[in-house]
Protein chains: 2
Amino acid sequence: MIFNKRITIGTACFFYMLFFSLTIFAQQPADYVNPFIGTSNYGATFPGPIAPRGMASVSPFNVAGSQNLPLEKDSRWLSNPYVNENKFLTGFSQVNLSGVGCPELGVILLMPTTGTVETNHLKYGSTYRNEVARAGYYSTNIDKYNVKAEFTASKRVGVSRLTFPKGQSNILLNLGLGLTNEEGAMVKIVSSTEIEGIRSVGSFCYNSPEAAYPIYFVAKFSKPADQFGVWKKPSKYSGVEAQWMNYNGKTRMMDNTTKMVVGDSIGTYFTYKFEKTETVEVKIGVSYVSIENARENLEKETGNKSFDAVYDETYKQWNDVLSKISVEGGSKEDKIIFYTALYHTLIHPNTLNDFNGEYPEIKTGKIGKTTGTRYTVFSLWDTYRNLHQLMSLTYPEQQSNMVKSMLEMYDENGWLPKWELNSTETFTMVGDPASIVIADTYLKGIRDFDVQKAYRAMLKGADQIEDNPLRPGLQDYIEKGFLTTKDRGPVSTTQEYNASDYSISLLAKALGKKEDYLRFKNRSLSYRKLFDKNLKLLRPRTSDEKWYEPFDPASGANFEENVGFIEGNAWQYAFMVPHDMKGLIKLMGGDKPFANQLQKVFDIKQFDMANEPDIAYPFLFNYIKDDEWKSQELVKKLVKEYFQNKPDGLPGNDDTGTMSAWLVYAMMGIYPISPGDPVYTITTPMFDKITIQLDSKYYKNKSIVIEREVNNDGKIKKIQLNGKTHDSFFISHDALVNGTTLKVIQN
Amino acid sequence: MIFNKRITIGTACFFYMLFFSLTIFAQQPADYVNPFIGTSNYGATFPGPIAPRGMASVSPFNVAGSQNLPLEKDSRWLSNPYVNENKFLTGFSQVNLSGVGCPELGVILLMPTTGTVETNHLKYGSTYRNEVARAGYYSTNIDKYNVKAEFTASKRVGVSRLTFPKGQSNILLNLGLGLTNEEGAMVKIVSSTEIEGIRSVGSFCYNSPEAAYPIYFVAKFSKPADQFGVWKKPSKYSGVEAQWMNYNGKTRMMDNTTKMVVGDSIGTYFTYKFEKTETVEVKIGVSYVSIENARENLEKETGNKSFDAVYDETYKQWNDVLSKISVEGGSKEDKIIFYTALYHTLIHPNTLNDFNGEYPEIKTGKIGKTTGTRYTVFSLWDTYRNLHQLMSLTYPEQQSNMVKSMLEMYDENGWLPKWELNSTETFTMVGDPASIVIADTYLKGIRDFDVQKAYRAMLKGADQIEDNPLRPGLQDYIEKGFLTTKDRGPVSTTQEYNASDYSISLLAKALGKKEDYLRFKNRSLSYRKLFDKNLKLLRPRTSDEKWYEPFDPASGANFEENVGFIEGNAWQYAFMVPHDMKGLIKLMGGDKPFANQLQKVFDIKQFDMANEPDIAYPFLFNYIKDDEWKSQELVKKLVKEYFQNKPDGLPGNDDTGTMSAWLVYAMMGIYPISPGDPVYTITTPMFDKITIQLDSKYYKNKSIVIEREVNNDGKIKKIQLNGKTHDSFFISHDALVNGTTLKVIQN
């Protein structure tokens, strides 16, 4: 398969080369993945290899150095190790986050060079060409050194294959450079084929520097180095001492050392003297527990396997997991954006535990041990809206383990997670989204977790007024029904708490806790107190409960800080009460005014496809009888406009797969319109036939099929479930998974 | 025993308190040790505890902070962690060097504080009072916190006993602050009673930063901390990033973390909430091999022993080793300076190997294993002159192990050591002194080492012209007989090579290698080519063999850089040809001109008691018949003037015990006048009777006695050996150790 594309932002033209001949003969789902999608326009994805939900990943790192301005990591807030239009490569980072809004990880930078060892990345960096990216594989040619660099990864091991020309070649492992400002590393060259070390990471969003934590690694080289060493760049001294230090501020080359070296800015070099073109493979196992575990991860996952063998396994894993959804009809481009989106939903949450099950617990400092998978990277303010719903439908065992991981965090930390990252709670964003995810999962029939514990955890977050890190402002929320302008983003936060309370009420009902059910259902409607009838919008109120003045509903667009809302404005939050659309319609004065106001969001260009608060808006016309065609058209239009097979083919940050999950659902013609509610709303599928394999452990049917009849781009005329008319644009999860075929008929 | 002293430099008056009651009843040799001697006047000793030749030691650290100006470590070249007249204490370093001329070690700073944890040493530092220092023990009261801090040490473990008042108490382990600019540490809090970590050290004399190396440690606390944590002070960022980092440049408090933390400037805090006065004991085991070995060192040496038990053992070790020489007669002050000097000769070279025998090899990066003792800290340019001679006489097994350690270094590094420090070769100073030490040892009958290997090693250093790190300028030396002004210190270095060559010739003779004997004996006399008959001094020559002009013989005093000489001037080097005094006398024109020129050195105040080149001058009148009384008077006068029972009671830097060894010999009335030659010259003993126990493994006699008859401060009239007249002011080592009594009779 050959991708041809032209990038408008940059000038580069990328040629995607054939790699495995099998791809010529059979287009497998994994072959449709284009990891470059989202690597521009702040999509914050990376093009390098990762196994499904892998701990390790390899990304080309091209965000350091003035050559990369304006998209340079030290000159601006930049949360990704790679930007497609940048040109200056300074290595390949071995742990990376995909689609996050803050810098983190992007460390342990491997870089092949030739000639004399140069340790300053601004000097050894290079342009590159012939980038190839596929599921589990990335390669490029490094101009300055004429080195071909290829990468793959197993779950916890990044594997590099470096093809060097004749002469002196070097493999640098830079432990100083990284995406964030966090510093500190230890390294020890164990032998001429092995390095072990640690790198400090942390301070996500420049928060909680005290929660910085180590990543441990072991690197094994297929060929023994002819020479090796460690470099260390110390602080620069001034005063009289500086006169005595002819090495003041200079990088030290500690040749042939096998001693442990520690410091803020250190690295290793392995040097080869090649008589001819030669290839070196480097395996880098990682762990968040210990060097020993990193070594075991490396041995158990990749042992003596060749680069090709590792890639082959990872490719198969991707193909297996992506094949849970098969699509027929639709263009090749449609398939590319669809499978790439599905691929992006399968990166985070990712695996935290080592091969032996060990993982760092959150807060306790202890090492836990899981028999399943301990997941991490829960960007729940994003993912509660659709990603976990997609997991429950298609990968319920993963979703079950995610819930179990969240409950382990509750055991360890005393609280459900909010934005958990490698067993640190970053408390980024607002709301109490874990409750929604867990309720949603349970109500979809995935119940192999301790729901009573989960319920206790939810109540703690919802009811404990003092020292509650999940729900700041809870006292006002309970007493007044809303947060006030003395808190950050009081309208948004009230809406988030409402959504969580609604989910808790649903679970309470399912568990037979009638009193709680009523209490939380009642609480979930309190946003109504923020509804300004004149504006037909939600509006902040001050602590003496007056409307906040002056109030500009448009203020807060494009992530602008504003009073009232988090990452959005009154238009982008006005309809974010998915659990009470009927109530909102009533508040707005009925169907017509509601539909008008909703349409206005789009007409005045306040709809933001690139962020979560209004992400469900396009589907909301389904609540107005005979306006459903507007949702069908809008969704189709937005997919076409914002999701494309090119680096800037995401509307913005992928938000750990949330944007991608939106696309997967949108293209399947169903959307989990009300998080917590096991229900989907229906629009037009973008393939003729979509088959979702169901996991027999959780669902009795083997699969469900979504079909569309006649692709005339018209409005949906009829919906059939199992051949019978389904007289609604909504369908319950139960009805869907217990059915066989959902058919959308346009003519 | 109570020491009372008044310090002229500072204003403090120190009161030495009784510690163990046994000292009241019996004055043991160890009781005479006053570790404060040498802690002022740049003596560079430290007052804290160390076991004989210990790896670990504890020193109060009072050289940081402007409060300590002018003797502040960052404002000047300062090679010691403690200065007696300083006032501001910022901790207790757990590894230290004694009597060296360059900053090194002085790291792993323990500091007890109270109240809120403060991690900035400039803020938590304090004045202190009631210092007590004894062999193996130091204590002081820390004013700011009302904490009594006591310290002792076993060979590889520093032990602290901290007595806190009621309230919050903290024990800080500062891994950022240190004596040198070397940075970098790793730490992990294992539990509420244990910490492990590493600290990077190195760059002795601000040289060879690439040879920096780690020291590993494990700290165990007798009481579990109520709270603990790690602090980390990161770099300060500028630019846009700084705006997002509200923690920019600020120290982070990582409370309760048990994760590994790395960085340039980190530390740990253990906090206690005491209801009443309480004592915590902290044991810190160290190793240059691994954390595991540090832990094993701690367990095997101190296990469950109390502070008092460890002190008791170390005290006994000191007493045993110091008791090898017993003295009778003489004042208490004489005994104090004598035993303190002997104590100072038993600090370096010190133990490098761990309890299990492992040690880091030099250069190879491998871990070696010894069944004896692997010694380190060989400041051979200093110690070849008298310290090793003292070891051969009194502690021959130690000296044998030192020679074996030097031969191991040859095996590992390809060269004998010059200035070896913790298995790094610092190549500080000039000359090839190991050959002298080894030949001297062998010729004194200590022969349980591989002398053939030693001889090969010596020849390599003496003959290999290319790539010879020991003897730069060797080609000129061999071809011309001297180094020229294109090399550093050409006269000094020629003299050093002559001295080494003479020792090689002596060993060659002993081994029956006649040709080498003659060749090296001939080489050893080449300094004569630098003798300026007009000046009666040695004088540098240029590369075209002309006298260097303009030439000021006085230039170079007080360590001033100059052309011709290393740390000295023409006067201080003129007589440094101990192996050819007869030749020098002839060059100078006979006995009288020689004696006049020698006397002139003292008269014009060019004699420097504080450095090695002229250290033997006072004894040189013994070469002139009937002038021997001048040596007797001079030595007595110099001892009285420069060696006293007070902090500034050393003439200058102790040079890892070389100054102290000078004093021990001078007070015993013998001095190893010609390094390599197994011979002593005789002056007046400063005690009535001195008994040296001889090691039966090496010597057939049990002891030798040196006596003086009638202490009338007169000239020596007669010398008797075993009751018979000994008609010389020189005595061979053999005659001395095979005799029983050397008696010096003054009347």
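With hydrogens and angles ignored, the 3.5 Å screen pairs a side-chain donor or acceptor of A:Asn297 with a backbone N or O of A:Val286.
Scanning both residues, B:Val261 and B:Ile266, for their nearest heavy atoms gives O-CD1, 3.5 Å. Contact detail for A:Thr428 and A:Thr426: the closest heavy-atom pair is OG1-OG1, 2.8 Å. The nearest pair of heavy atoms linking B:Glu358 to B:Ile367 is CB-CG2, 3.7 Å.
Contact count versus chain B (heavy atoms, under 4.5 Å) is highest, among A:Ser200, A:Gly365, A:Pro209, A:Pro103, for A:Pro209. Your options are A:Met254, A:Lys363, A:Lys366, and the one with the most heavy-atom pairs under 4.5 Å with chain B is A:Met254. If you tally non-hydrogen atom pairs under 4.5 Å between each of A:Lys232, A:Gln243, A:Met253 and chain B, the highest count goes to A:Lys232. Of the listed residues A:Met245, A:Met260, A:Lys73, the one with more heavy-atom pairs under 4.5 angstrom with chain B than any other is A:Met260. Counting heavy-atom pairs under 4.5 Å between each of A:Arg252, A:Lys259, A:Arg76 and chain B puts A:Arg252 at the top. The choice from B:Cys205, B:Pro234, B:Pro360, B:Ala185 that makes the most heavy-atom pairs within less than 4.5 Å of chain A is B:Ala185. Comparing A:Ser290, A:Gly229, A:Pro214, A:Gly263 by heavy-atom pairs within less than 4.5 Å of chain B, the highest count is held by A:Pro214.
For A:Trp77, the parts lying under 4.5 angstrom from a heavy atom of chain B are both the backbone and the side chain. Contacts of A:Tyr216 with chain B are made by side-chain atoms alone, with heavy-atom separations under 4.5 Å and no backbone atom involved. Of the atoms belonging to B:Ser191, not a single heavy atom falls under 4.5 Å from chain A. Both the backbone and the side chain of B:Tyr213 have a heavy atom closer than 4.5 Å to some heavy atom of chain A. For A:Tyr247, the part lying near chain B is the side chain, with the backbone staying farther off; criterion is any non-hydrogen pair under 4.5 Å. For B:Asn256, no part lies near chain A; criterion is any non-hydrogen pair under 4.5 Å. Of the atoms belonging to A:Thr257, not a single heavy atom falls under 4.5 Å from chain B. Residue contact with chain B, scored on non-hydrogen atoms closer than 4.5 Å, is absent for A:Ser238. In this structure, no portion of B:Ser265 lies under 4.5 Å from any heavy atom of chain A. Contacts of A:Thr251 with chain B are absent, with no heavy-atom separation under 4.5 Å from either backbone or side chain.
No side-chain heavy atom of B:Phe204 sits under 4.5 Å from any side-chain heavy atom of B:Thr180.
Side-chain contact of A:Tyr359 with A:Asn293: a donor-acceptor pair under 3.5 Å is absent, judged by distance alone. Using a 3.5 Å distance cut-off with no hydrogens or angles, the side chains of B:Glu420 and B:Thr376 do pair a donor with an acceptor.
Ring pair B:Trp244/A:Tyr206 is tilted by interplanar angle, where 30° to 60° counts as tilted.
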